[in-house]
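Computed over heavy atoms, backbone and side chain alike; hydrogens, waters and symmetry mates excluded. Naming: A, B, ... by sequence-line order, numbering from 1 per chain.
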Amino acid sequence: MKLDDLGDWRRSHYTIEVTPSIDGEEVIVMGWIRDIRDLGGIRFIVLQDKSGKVQITIPESIVDKETLKKSGLLHRQDCIAVKGIVRKMERAPRGVEIIPKEIRILGVAKHPLPIDVTGKTPADIDVRLDARVLDLRTDRSQAIFKIRHTTLEATRHFLLGKGFLEVNTPKIIASATEGGAALFPIVYFEREAFLAQSPQLYKEELTIDFEKVFEIGPAYRAEKSHTRRHITEFTSIDIEEAFATVEDVMKVAEELMYYVCKVVREKCREELRILKHEVDLPSLPMKRLTYDRVIEELHERNVKIEWGKDIPTVAYRILGKIHPYFYFITDWPTKLKPFYIKPRDDDPGISEGFDLMWSWIEIASGGTRIHKRDLLIKRLKEQGLPIESFKYHLQTFDYGMPPHAGWAIGLERLVMMLTGVKNIREVVLFPRDRFRLTP
RNA sequence: GCCCUGGUAGUAUAGUCCGGCCUAGUAUAGGCGGCUGUCGCCCGCCCGACCCGGGUUCAAAUCCCGGCCAGGGCGCCA
């Protein structure tokens with residue numbers, strides 16, 4: 001089909017701005033055809049733009065022949081511009097419709113489409129991700145990403161209000177430093193480099209310069225996990241604060257969770273309705289369970305975990321049934337935590353690290369960091385990490401490292417909680433997992 | 001790395017256990033026709049599929065073996 005040019009047409013109104021109060025005005029709207037209902041002598045076209053939808057009504061007796069003919073050529077998801085007169089009409093959705101004078105076809109869609117954008121015929125997650133750009137047009141996807149956007153907006157607003165400075169640290173790093181999660185190796189000219197698994201060391205170092213920093217950025221994990229809560233590229237919300245301890249930053253975390261829930265509840269009512277999901281306001285302070293207490297609770301339910309061992313997923317699922325919303329797990333055995341987490345002064349076997357849980361899923365982890373160089377070296381050795389790889393990091397401890405604490409929140413897991421979505425890939429535009437690298 | 005499950009039109013499903021009744025049903029999308037107030041419009045007609053390879057059998061969508069692809073779970077982790 002021959003496409004029309006945009007020409008000198010510019011949008012005069014978003015669809016949401018077409019209301020009964022502008023009855024009789026001429027408008028130009030632009031967007032995509034969501035649905036067409038042809039009744040013979042009258043044709044209804046639902047036009048969708050980023051703001052919402054409006055009905056274009058084409059009664060054969062009113063509209064001129066050429067526009068009538070053109071309107072008959074249209075399909076779902078074609079991109080069009082419509083110049084027409086707004087008509088107040090009680091029988092139309094939102095009490096208003098547009099009677100077109102001229103239609104310009106700007107882009108066409110090839111049919112049949114791989115997924116139904118009206119959402120009436122469901123599609124599997126795999127099919128949806130293969131046609132992701134089309135899938136993102138659905139009300140469900142639009143709602144999810146509006147909530148994700150609002151979560152980020154609220155998080156920034158909250159942390160900026162607390163005096164944190166937003167930073168960006170390198171995602172290409174020289175060596176596999178932190179231990180733990182596997183890193184992706186990359187070819188960096190004639191050397192090998194890695195994609196960063198977290199901004200951990202950089203954000204700690206930056207407390208010397210800016211005291212309170214946060215970063216919202218990508219993190220990469222080469223884990224072969226294949227579950228609804230794992231992806232290889234995710235977004236980490238990180239904070240680090242000088243002159244603070246685990247209790248101070250746990251407070252920041254729970255207040256942030258409260259604030260984000262509050263903002264999403266207020267600003268995303270329609271989106272939550274579409275997703276048939278409710279967000280409860282957590283009560284503060286959130287429960288603080290020690291690792292010992294968690295082991296006890298599990299014992300009471302016949303799940304035996306030896307002290308010092310990690311908590312397996314089955315146990316977390318049980319824990320999630322006992323504590324269905326947010327709770328902290330504190331006082332972890334030092335050996336279960338990364339080398340930079342500070343052991344307690346009065347009992348070095350226990351750390352000042354914590355996890356923030358949402359039901360059975362870990363949303364965040366953090367704690368007081370070690371700021372004394374000698375202790376850090378001792379812990380590196382205990383965990384069998386190569387001291388020489390930490391040369392630049394250890395060097396910063398000669399520049400007046402303040403006591404500090406921080407945490408990292410997995411944005412996608414937070415958004416899963418806020419949207420009720422069961423698969424993490426649904427809350428990422430173009431997710432990467434063990435098996436998916438495209439689109 | 002280990003374990004489980006599945007693969008039928010563009011999409012979503014029925015049929016698979018217990019082989020023949022399958023010329024593979026249904027919905028939706030798409031095409032054609034009809035319909036002047038739809039808003040998951042309606043009505044009629046049409047198009048369109050058993051993942052690939054091998055085996056068993058008179059007969060395979062259905063049973064067996066291999067492959068490929070996908071979903072999920074464990075471990076690890078956010």
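In this structure, the nucleotide among B/C41, B/C39, B/A70 sitting nearest to the side chain of A/L39 is B/C41. Looking at the side chain of A/T313, the nearest of the listed nucleotides B/C41, B/U36, B/C76 is B/C76.
Rounded to an integer number of Å, the gap from A/I329 CD1 to B/C77 P is 14 Å. Remark: P of B/U28 and NZ of A/K120 are 9 Å apart, rounded to the nearest angstrom. A/L68 places its CG atom 12 Å from the P atom of B/U36, with the value rounded to the nearest Å. The nearest whole Å value for the distance from the CG atom in A/L47 to the P atom in B/U38 is 21 Å. We find that NZ of A/K309 is positioned 14 Å from P of B/G75, with the value rounded to whole Å.
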What N/O pairs connect the protein and nucleotides 1-9 of chain B at under 3.5 Å? Give each pair on its own line.
from	atom 1	to	atom 2	distance (Å)
B/G1	OP1	A/K224	NZ	2.0

Full working for ring-ring contact (aromatic ring centres under 6.0 Å, His included) between A/F158 and A/Y259: CA-CA 8 Å; A/F158 178 86; A/Y259 182 71; 5.8 Å; yes
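Near RNA chain B, meaning a heavy atom under 4.0 Å away, the residues from residues 69-82 of chain A are A/H75, A/R76.
The base-pairing partner of B/C41, taking Watson-Crick or G-U wobble contacts with both distances under 3.5 Å, does not exist among the strands shown.
The base of B/U38 lies outside donor-acceptor range of the side chain of A/T57, with no N or O pair under 3.5 Å.
A/T235 and A/E412 form a side-chain donor-acceptor contact under 3.5 Å, judged by distance and modelled atom types alone.
Stacking between A/F234 and B/A78 is present: the aromatic ring centre lies within less than 5.5 angstrom of the base six-membered ring centre, and the two planes differ by under 30 degrees.
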